[in-house]
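Source: prediction; values computed, not measured.
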Amino acid sequence: MEGVLSTATPDIDDIVSVVIGFLAELQEKTTPEVRVELEDGGAELPVDSLLIVEILTRIEERYSIAIPADRQSAQATRSVQAFARAVQEAITERQQP
């Protein structure tokens with residue numbers, strides 16, 4: 001059903017796409033340009049942690065989550081893939097009763 005919001009947890013690829021979209025916006029580049037640049041760095045899509053921190057608020061607002069400011073979360077900002085996994089984990093935890 002198109003147009004219906006899903007309460008399902010987004011998969012990693014969906015979250016990665018959102019993160020890359022935000023990164024592209026912040027860098028005033030196209031999404032494909034940013035994706036290629038990140039892919040050139042390796043499978044985990046390494047990124048400048050300062051850029052990830054800048055989009056953290058946007059991600060928290062989009063998914064109605066809070067990413068804790070702890071060591072594990074800090075390590076998750078080293079790559080888009082790791083950050084996406086942390087976001088997915090926070091979404092899953094939020095959905096727990």
Side-chain angles (χ1 to χ4, degrees):
M1 295 172 61
E2 288 186 334
V4 175
L5 289 177
S6 172
T7 57
T9 303
D11 68 22
I12 295 297
D13 290 337
D14 292 337
I15 298 168
V16 166
S17 292
V18 169
V19 172
I20 290 173
F22 286 149
L23 286 168
E25 194 176 302
L26 285 169
Q27 295 177 11
E28 297 180 356
K29 296 180 180 179
T30 67
T31 300
E33 285 176 311
V34 172
R35 184 174 289 278
V36 167
E37 288 174 7
L38 293 171
E39 287 172 351
D40 285 348
E44 282 288 302
L45 307 176
V47 67
D48 178 338
S49 60
L50 291 177
L51 285 175
I52 282 286
V53 170
E54 286 185 38
I55 65 166
L56 179 60
T57 302
R58 292 181 187 198
I59 291 294
E60 288 178 331
E61 288 175 5
R62 179 180 177 103
Y63 293 111
S64 299
I65 59 170
I67 304 291
D70 59 16
R71 183 179 181 161
Q72 181 180 357
S73 295
Q75 290 175 337
T77 63
R78 293 185 179 155
S79 76
V80 173
Q81 289 284 343
F83 185 69
R85 287 190 295 273
V87 169
Q88 186 181 49
E89 184 178 303
I91 292 168
T92 301
E93 288 174 6
R94 182 200 69 216
Q95 294 172 342
Q96 301 296 319

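- With sequence neighbours excluded, the residues satisfying side-chain contact (heavy atoms from CB on, under 4.5 Å) with T31 are I20, A24.
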Chi angles and distances behind the side chain to side chain contact (heavy atoms under 4.5 Å, CB included) call for Y63, V18
CA-CA 11 Å; Y63 293 111; V18 169; 3.3 Å; yes
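- By the neighbour-count criterion of 12 heavy atoms within 6.0 Å, atom CD of Q96 is densely surrounded, having more than that number from other residues, nucleotides or ligands.
- The existence of a salt bridge linking E89 and R94 is excluded, since no basic side-chain nitrogen approaches an acidic carboxylate oxygen closer than 4.0 Å.
- Atom CG in L23 sits 10.0 Å away from atom NZ in K29 (nearest 0.5 Å).
- Applying the salt bridge (charged side-chain N to carboxylate O under 4.0 Å, His left out) test to residues at least two apart or on different chains, none of the pairs has a partner in residues 75-84.
- Residues D11 and D14 come closest through the heavy atom pair OD1-N, 2.8 Å.
- The distance from the OG1 atom of T9 to the CD atom of Q88 is 6.5 Å, given to the nearest 0.5 Å.
- L45 and V36 are not part of a single hydrophobic cluster, where members link through side-chain heavy atoms under 4.5 Å apart.
- In this model, a donor atom of one side chain and an acceptor atom of the other lie less than 3.5 Å apart for E33 and T30.
- The CZ atom of R85 sits 6.0 Å away from the OG atom of S79 when rounded to the nearest 0.5 Å.
- Linking Ile, Leu, Val, Met, Phe, Trp and Tyr whenever their side-chain heavy atoms come within less than 4.5 Å puts I59 and L26 in one cluster.
- Residues A84 and V16 come closest through the heavy atom pair CB-CG2, 3.6 Å.
- Atoms CD1 and CZ, on I55 and R62 in that order, are 11.0 Å from each other to the nearest 0.5 Å.
- In this structure, CZ on F22 lies 11.0 Å from CG on L56, to the nearest 0.5 angstrom.
- Minimum heavy-atom separation, A66 to A90: O-CB, 4.3 Å.
- Between S17 and R35 there is a side-chain heavy-atom pair separated by less than 4.5 Å.
- V80 is not listed as a side-chain neighbour of E44, based on a closest heavy-atom distance of 4.5 Å or more.
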